[in-house]
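As C-alpha cells, the structure follows; a few thoughts come after it.
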Amino acid sequence: MMHEMSLCEGVIQLIEEQARAQQFQQVNTVWLEIGALAGVEIEAMKFGFDVVTKGTLAEKSKLIIVDKPGEAWCMQCAETITIKQRFDSCPQCGSYQLQVTGGEEMRIKELEVA
Ligand SMILES: [Zn+2]
C-alpha cells in the first residue's frame with residue numbers, strides 16, 4: 001500500500017508539472033496505463049489516487065486504469081508472447097527461457113483537462 005501511495009504522489013507531481021507547463025487549472029479524467037508486470041495493485045492505486053488528489057487540481061478527476069499486458073520474448077518460439085505475471089512460462093511451449101520486453105511500466109497515457 002505504501003508503494004502505491006508514493007506512486008500516486010508521483011503521478012500528481014507529473015500532473016502538476018504539466019498543468020504549469022500547459023496552463024490548465026483542472027483535470028477531469030486521468031488515463032493511467034499500468035503494465036501487468038509493473039507490480040502495482042490496481043485497487044490500492046485507485047484508493048491512493050483518491051487520497052493524494054485531495055486539495056489538488058485533480059481532486060474531482062476520474063481515474064481510468066488502462067491495462068497493458070506483460071510481454072516477453074520466448075527463445076524457443078522465437079517470438080513475442082503475452083504473459084500474465086513475471087516468471088510465467090511461455091503459454092505456447094511452456095519454456096521458462098523468457099525475456100521480459102514490455103508491461104513493466106506505469107505512465108500517464110492521457111489527461112482530459114479544463
Ligand atoms: Zn515459447
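In each ligand, atom 1 is the first atom listed, and ligand 1 is the first ligand listed.
- When all heavy atoms of E71 and I83 are compared, the closest pair comes out as N-CG1, 4.4 Å.
- Sorted by chain and number, the protein atoms of type N, O or S within less than 2.8 Å of the Zn ion (ligand 1) are C74 SG, C77 SG, C90 SG, C93 SG.
- Residues K62 and N28 fail the side-chain proximity criterion, which asks for heavy atoms closer than 4.5 Å.
- For V11, the side-chain contact (heavy atoms from CB on, under 4.5 Å) test picks out I15, L32, M45, F49, M106, I108, with sequence neighbours left out.
- The main-chain N or O of E41 is found under 3.5 Å from a side-chain atom of E4 such that the two form a donor-acceptor pair.
- Criterion: ILVMFWY side-chain heavy atoms under 4.5 Å apart, direct or through other members. Under it, W73 and L98 are not part of a common hydrophobic cluster.
- Between P91 and I81 there is a side-chain heavy-atom pair separated by less than 4.5 Å.
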